[in-house]
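Structure, as structure tokens:
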Amino acid sequence: VVVNSKTLAVQWYNVLTKFGFNVSMYTGESKDLNDVTVATFQSIYSIASKSSPLTESGVLGRFKNADLVIFDEVHHVPANTFKYVAVLNDKLHLGLSATPYREDYMDEVIYGLTSSPVYRLKFSDVLEYLVAPRIFNVTIPVKLVKHFNGFGDDGVEDDDDDEEEFSGYGGGRYIDLVKGVLWNGRVWTYAMFLANKLIEDGIYPVLIHSPLETPARVFAEKFNVPLLSGKKDEAERRAILSGLNDKSIKVAIATTVVDEGIDIPSLKGLIMLFPGGSRVKLIQRIGRLVRRSPGKDVAYAFLFHYDLDDE
């Protein structure tokens, strides 16, 4: 099983273990192999890119010779790192995704490395297991911040797949816009105000989502709120996820580490500070809200948009 994050690898490991499989993980922190191995694309790539094409040992040999490879979040496969890994195995491939398409028109690469879709589920088919969220668009007047408080690295968390996030935006200009918005304290103050109003009305836990790590970290410290980030260690991320699920944590700030495959069934509120232009990212992020849990019959997503003044 090949996934795009360590957190998702842990979830696969837990589920497969419950079904009685002999499972191990091969990620940045775990290097074990078993009948079923859950690995990240990045861990396989780091070895494959430095090894002889004839290498048949270790995790690389196990991957090349696996009779079945499951690619979770298969819409990432067309990205260069993931594609490099996927072509190393020529056996049976199974791809899974809630969004099996691309914003950069590379859908055919997904199908070429797995197959065309053979089974589909509509949202309506699984409504008994899911909650349909109520979605609100919120427009906030802001001035773009041109100096980012002296921080040089704004922490774009690299998932090796920028094609979806930046399609149609002209790359650098888009990042400048994101930085200019997310370093504006007014945006975070309003997000925290909204989160607290939801909590007062019994709608919690609430997640505030930022696509940049550094401003998320700075404002998480300012407001004394837990931060879910790819730069946190796995144990700390698990503790925050557990706190959200048992509602001992009522509000947290999260970066792109929660975009895909992360289960937070108790989550009732999602505030997206910069929804972006990718329907894939948008659907995946809102997907954090839709899992049912005891006492949860409604969920709310707030998508922030901005009336910009850059003077």
Considering only heavy atoms from C-beta outward, does the side chain of [X] approach that of [Y] to under 4.5 Å?
| X | Y | value |
| --- | --- | --- |
| W183 | T214 | yes |
| W188 | I208 | yes |
| R217 | S229 | no |
| Y13 | M25 | yes |
| I110 | H75 | yes |
| L194 | I271 | yes |
| T17 | F21 | no |
| L244 | S266 | no |

Is [Y] reachable from [X] through a run of I, L, V, M, F, W or Y residues, each pair having side-chain heavy atoms under 4.5 Å apart?
| X | Y | answer |
| --- | --- | --- |
| V2 | I70 | no |
| L88 | V74 | yes |
| V10 | V257 | no |
| L8 | V36 | yes |
| V85 | L94 | no |

Quick check: closest heavy atoms across [X] and [Y], and the distance to 0.1 Å?
| X | Y | answer |
| --- | --- | --- |
| V77 | A86 | CG1-CB, 4.3 Å |
| S51 | L60 | CB-CD2, 3.9 Å |
| D263 | Q11 | N-OE1, 2.8 Å |
| N65 | E56 | ND2-OE1, 3.0 Å |
| L303 | H305 | O-CD2, 3.2 Å |
| S97 | E73 | OG-OE1, 4.2 Å |

How long is the gap from [atom1] on [X] to [atom2] on [Y], to the nearest 0.5 Å?
| X | Y | atom1 | atom2 | answer |
| --- | --- | --- | --- | --- |
| M272 | K281 | CE | NZ | 10.5 Å |
| I264 | L228 | CD1 | CG | 6.5 Å |
| R62 | N34 | CZ | CG | 7.5 Å |
| E213 | L182 | CD | CG | 12.0 Å |

Worked verdict on F41 versus F71 for ring pair (Phe, Tyr, Trp, His ring centres under 6.0 Å): CA-CA 9 Å; F41 278 102; F71 296 114; 5.7 Å; yes
Would you confirm whether [X], through its side chain, and [Y], through its main-chain N or O, come within 3.5 Å as a donor-acceptor pair?
| X | Y | answer |
| --- | --- | --- |
| T99 | Y101 | no |
| R134 | Y300 | no |
| N245 | S242 | no |
| R288 | I262 | yes |
| D67 | K91 | no |
| D201 | I203 | no |

side-chain hydrogen bond (donor to acceptor under 3.5 Å, both in side chains) between T40 and S43, worked out: CA-CA 5 Å; T40 59; S43 294; 2.7 Å; yes
Stepwise side-chain hydrogen bond (donor to acceptor under 3.5 Å, both in side chains) test for H93 and T114: CA-CA 5 Å; H93 292 179; T114 52; over 6 Å; no
Worked verdict on S24 versus D32 for side-chain hydrogen bond (donor to acceptor under 3.5 Å, both in side chains): CA-CA 6 Å; S24 291; D32 299 319; 5.1 Å; no
Residue among V181, T139, L177, V138 satisfying side-chain contact (heavy atoms from CB on, under 4.5 Å) with Y306: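 Single side-chain contact (heavy atoms from CB on, under 4.5 Å) partner of Y306 among V181, T139, L177, V138: V181.
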Check: F63 ring centre within less than 6.0 Å of Y26 ring centre: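 Centroid separation for F63 and Y26: 6.0 Å or greater.
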CA sep, side-chain torsions, deciding dist, call: Q42, T81, side-chain hydrogen bond (donor to acceptor under 3.5 Å, both in side chains): CA-CA 7 Å; Q42 295 87 344; T81 299; over 6 Å; no
Aromatic ring pairing [X]/[Y], orientation class (parallel under 30°, perpendicular over 60°, tilted between):
| X | Y | result |
| --- | --- | --- |
| F193 | Y190 | tilted |
| H76 | F82 | perpendicular |
| Y84 | Y45 | perpendicular |

Any side-chain donor near an acceptor of the partner, H209 and D259, under 3.5 Å: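 Side chains of H209 and D259: pair found under 3.5 Å.
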Y204 six-ring face occupied by K250 cation (under 6.0 Å, within 45°):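 Relative to the ring axis of Y204, which defines the angle, K250 lies inside both limits.
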